[in-house]
Amino acid sequence: MAGALLQLAGDVLGLTEAQQPLRSATLLFAHLAAGWALARVIEVLLLDRANEDVSERIPKIVVGLIYVATIFLGLVVFLWQRGYSFTGLWVSTGVAAGVLGFALQKTLGDLFSGIALGIERPFRLGDWVELEDATVGQVIDINWRATHLRGWDNATLVVPNSLMAGQAIKNLHDDKHLYAPWYFVKLPAEVEPRFASALLLEAALRCESVLKFPYPVARLADATTIPYSYMVWVHLRNYQTMFRAREELFREIHKSLQNAGIESAPEVHELRTRRAHVTSGEPPSIHLALKSLDLGGLLTEEELDQVVASSRYCHFDTGHRILAEGEASDAFYIIAGGLVEASVTLHNGERKVTETLTPGDSFGITAMLTKDPSVLELSAKSDVSLIRTDIECVRTIVSARPELAEHLAQIVKQRLDAAEAVVAASRRNVRRLSVRDIRQRIEGLVSRPGRGERQGDKRQP
């Protein structure tokens, strides 16, 4: 339309010699506009795909590269239609490109590094990254020259793309990616390692910011030096919650150590002449441990003394099977520290976890009340400390206390109900429709008369 108007204007004004250049200019503009329109369509499709998710947005350098490529394609098509020789064009532009590239080495290095970062995408917009110099920032943009990072102080750090692409980058990801840091705590060597690990694990489980699944892990990391070093490994919702979770974790660790009478053991490089305080660091006695648990509150002092007299501590490592399915328990167990998983065998032979027992829970109740074998398998999910009590002692106390027997029976019932629900859920088979079933349904719909036909039939005498 624009070319026709220009041609008409040239005829009216008598500019016949200018008609051919005007037509060429119009065709060139049309090809370039078509290339720009194609790039715009691609950009809209990419934006629609990303929607509101920042991490899926395409960097500006990639969008600009798409526009340059499609507009250049329109120019190539125009020149091809006009019969230009591409050999001469490449030779003439190659010399100019060589001179220009030598003058813009640094700029072109940033440009092509930015293109590589935009295509490879080692990080996305919205990700938090840590550079080699320990700088941490959130990626907010990648343009033709530099990558823009926004730090915790809300300041923007502009890093050239060539420098960004030439160093090791630690991607901490966005707010949808789990973050799993580990922290080290130094405790006196006099503290029994199992007891120390149990205290650290309980402290981690009390933290609201720490995920309960995957479970936190507390391990003795180094016992070759004094003080001993313990590692606490936790999982957080994302990297941004690390600061609050770290403070909460150390606060709960301090509380657990303080309640247990244990002092942290920092590395102190000084000489002291006063008498040092000796840390006992032993686990609490069975009497104190039972009194701090829920079950201990249900017993009288006399009954508690009977249980203590027939009890002892026992320890199991992670993964150890404490009580097998179908095996009768020979003792009554109370969890003093760690986690114990209860699982059941399904009809296909697969094992399914029904419950995770925590400190204060007990098992071995079924054999004590009914003398029947256990329907569940109990295994140590972490390093576990148990209080093992003679089953006849507890059976004697329970037989004289109906309300205590009812309380324990309720625990057994809830545990069996959970196991039965898991087994029942695994047996629900969803019936799959065969090709024949689907065909019969379709034939029934096709042969069924329409609403109008049914109404017409009813109106006929």
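Here Asp222 does not pair with Lys186 in a salt bridge; the nearest charged N to carboxylate O distance is not below 4.0 Å. Under the 4.0 Å criterion applied to side-chain N and carboxylate O atoms, Arg388 and Asp330 are assigned as salt-bridge partners.
Between Leu205 and Lys212, the closest side-chain pair of non-hydrogen atoms falls below 4.5 Å. Two residues are said to be in side-chain contact when any heavy atoms from C-beta on lie closer than 4.5 Å; Ile169 and Met164 meet this criterion.
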Practice prompt. Run the numbers on Tyr179 and Leu172 for side-chain contact (heavy atoms from CB on, under 4.5 Å), then give the verdict.
Written response: CA-CA 8 Å; Tyr179 185 65; Leu172 303 172; 4.0 Å; yes
Discussion item. With side-chain contact (heavy atoms from CB on, under 4.5 Å) as the criterion, how do Thr147 and Phe123 come out once you've worked through the C-alpha distance, each side chain's angles and the decisive distance to 0.1 Å?
Written reply: CA-CA 11 Å; Thr147 300; Phe123 47 80; 4.3 Å; yes
Might you work through the side-chain contact (heavy atoms from CB on, under 4.5 Å) test for Asn154 and Arg150, ending with a clear yes or no? CA-CA 6 Å; Asn154 208 29; Arg150 181 167 295 164; 3.4 Å; yes
Next on the checklist: Set out, in order, the CA-CA distance, both residues' side-chain angles and the distance that settles salt bridge (Lys or Arg N to Asp or Glu O under 4.0 Å) for Arg194 and Asp317, then state yes or no.
Outcome noted: CA-CA 10 Å; Arg194 291 182 182 274; Asp317 295 330; 3.0 Å; yes
Chi angles and distances behind the side-chain contact (heavy atoms from CB on, under 4.5 Å) call for Val139, Leu149: CA-CA 5 Å; Val139 182; Leu149 304 178; 3.6 Å; yes
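The closest donor-acceptor contact from the side chain of Ser382 to the backbone of Leu339 lies under 3.5 Å. Checked by atom type and distance alone, the side chain of Trp233 pairs as donor or acceptor with a backbone atom of Ala180 at under 3.5 Å. In terms of modelled atom types and a separation under 3.5 Å, the side chain of Asn259 and the main chain of Ser256 share no donor-acceptor contact.
Counted within 6.0 Å of CZ on Arg251, heavy atoms from surrounding residues, nucleotides or ligands total more than 12; the atom is thus considered enclosed. Counting heavy-atom neighbours within 6.0 Å of Arg244 CZ, excluding the residue itself, gives a total of 12 or less. Remark: Phe213 CZ is loosely packed, at most 12 non-hydrogen atoms of other residues, nucleotides or ligands lying under 6.0 Å away. Residue-environment remark: CD (Glu403) exceeds the threshold of 12 foreign heavy atoms within 6.0 Å. For Glu132, the CD atom is densely surrounded, since the number of other residues' heavy atoms within 6.0 Å is greater than 12. In the displayed structure, His254 atom NE2 is contacted under 6.0 Å by at most 12 heavy atoms of other residues, nucleotides or ligands.
A side chain to side chain contact (heavy atoms under 4.5 Å, CB included) with Val232 is found for one member of Leu249, Leu201, Val217, Val210 and no other, namely Leu249. Applying the side-chain hydrogen bond (donor to acceptor under 3.5 Å, both in side chains) test between Ser209 and each of Arg246, Glu248, Arg237 identifies Glu248 as the sole match.
With hydrogens and angles left out, the side-chain atoms of Asn143 and His148 include a donor and acceptor closer than 3.5 Å. For the residue pair Thr318 / Arg219, a side-chain donor-acceptor distance below 3.5 Å is found, with atom types taken as modelled. Inspection of the Thr345 and Glu325 side chains reveals an N or O donor paired with an N or O acceptor under 3.5 Å.
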